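Before any comments, here is the structure.
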Amino acid sequence: LAKTTQPISMDSYEGQEVNITCSHNNIATNDYITWYQQFPSQGPRFIIQGYKTKVTNEVASLFIPADRKSSTLSLPRVSLSDTAVYYCLVGVLDRGSARQLTFGSGTQLTVLP
Amino acid sequence: GAVVSQHPSRVICKSGTSVKIECRSLDFQATTMFWYRQFPKQSLMLMATSNEGSKATYEQGVEKDKFLINHASLTLSTLTVTSAHPEDSSFYICSAALRQGDYEQYFGPGTRLTVT
């Protein structure tokens with residue numbers, strides 16, 4: 001299983017860009033990198049997914065270096081409503097495989113006014 | 001698209017009783033569904049993987065006779081907590097994958113179980 005390491009918590013202010021880095025040193029060739037956001041008492045919500053280089057969507061960007069041993073989630077101009085726990089997952093969903101996706105400890109992002 | 005629902009959202013039951021939680025994929029067919037448990041201020045822990053028409057695969061340490069999983073159709077998986085005890089009180093979350101090899105799972109809103 002590809003384990004992930006993230007900072008336990010981060011604080012930011014409204015309007016700032018926030019970068020959360022995740023380490024995954026033993027990522028496998030077929031593994032994808034996925035980030036989720038979770039609010040209290042809700043299920044995780046998909047943010048972004050990537051395999052290599054850079055991926056951007058309407059809410060975030062994901063930067064993955066060539067060695068793929070880490071990834072950085074970038075949230076532009078955060079607001080108070082972005083306060084949540086952010087999880088980085090590495091792996092692949094495959095019915096025939098024993099590999100499972102394991103949630104790490106996540107990063108509690110607190111956006112301050 | 002890709003909406004997953006859970007029912008009930010909250011349930012309180014007495015110790016020794018059984019509780020069934022439903023997980024439905026509303027607008028897609030899910031070949032694989034996952035069940036997670038999350039204790040307060042902790043991360044999600046995978047309990048089992050459920051494939052339509054076959055037996056669920058349980059993670060190490062999860063009692064298959066206590067947490068019964070049925071994935072009878074491509075849109076419905078159920079988790080039954082049998083003979084519930086207060087230590088089973090937790091937030092149970094399901095997720096669904098669209099197809100084999102799909103790298104994205106869609107999560108339900110979760111079910112808060114409280115055993116008194």
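Below, read A as the first sequence line, B as the second, and so on, with proteins coming before strands; counting in each chain starts at 1. Computed from a predicted structure; not experimentally measured.
Judged by a 6.0 Å distance limit and a 45° cone about the ring axis, A:Arg68 is positioned over the six-membered ring of A:Tyr51.
Here the rule is side chain to side chain donor-acceptor pair (under 3.5 Å) with B:Thr32, and of B:Thr49, B:Thr57, B:Asn51 only B:Asn51 fits it.
Per-residue heavy-atom pair counts under 4.5 Å with chain A were compared for B:Pro40, B:Ser95, B:Pro109, B:Ser9, and the maximum is reached by B:Pro109. Of the listed residues (A:Pro44, A:Gly43, A:Ser41), the greatest number of heavy-atom pairs within a distance under 4.5 Å of chain B belongs to A:Pro44. The candidate from A:Gly106, A:Gly104, A:Ser105 with the greatest count of non-hydrogen atom pairs under 4.5 Å with chain B is A:Gly104.
Contact annotation for B:Ile93: only side-chain heavy atoms (C-beta onward) come within less than 4.5 Å of a heavy atom of chain A. Looking at B:Gln42, only its backbone comes within 4.5 Å of chain A, counting heavy atoms on both sides. Residue A:Gln108 does not touch chain B at all, counting heavy-atom pairs closer than 4.5 Å.
Centroid-to-centroid, the aromatic rings of B:Phe107 and B:Phe91 stay 6.0 Å apart or farther.
There is a side-chain donor-acceptor pair under 3.5 Å between A:Asn19 and A:Ser74.
Minimum heavy-atom separation, B:His85 to B:Ser15: CD2-OG, 3.7 Å.
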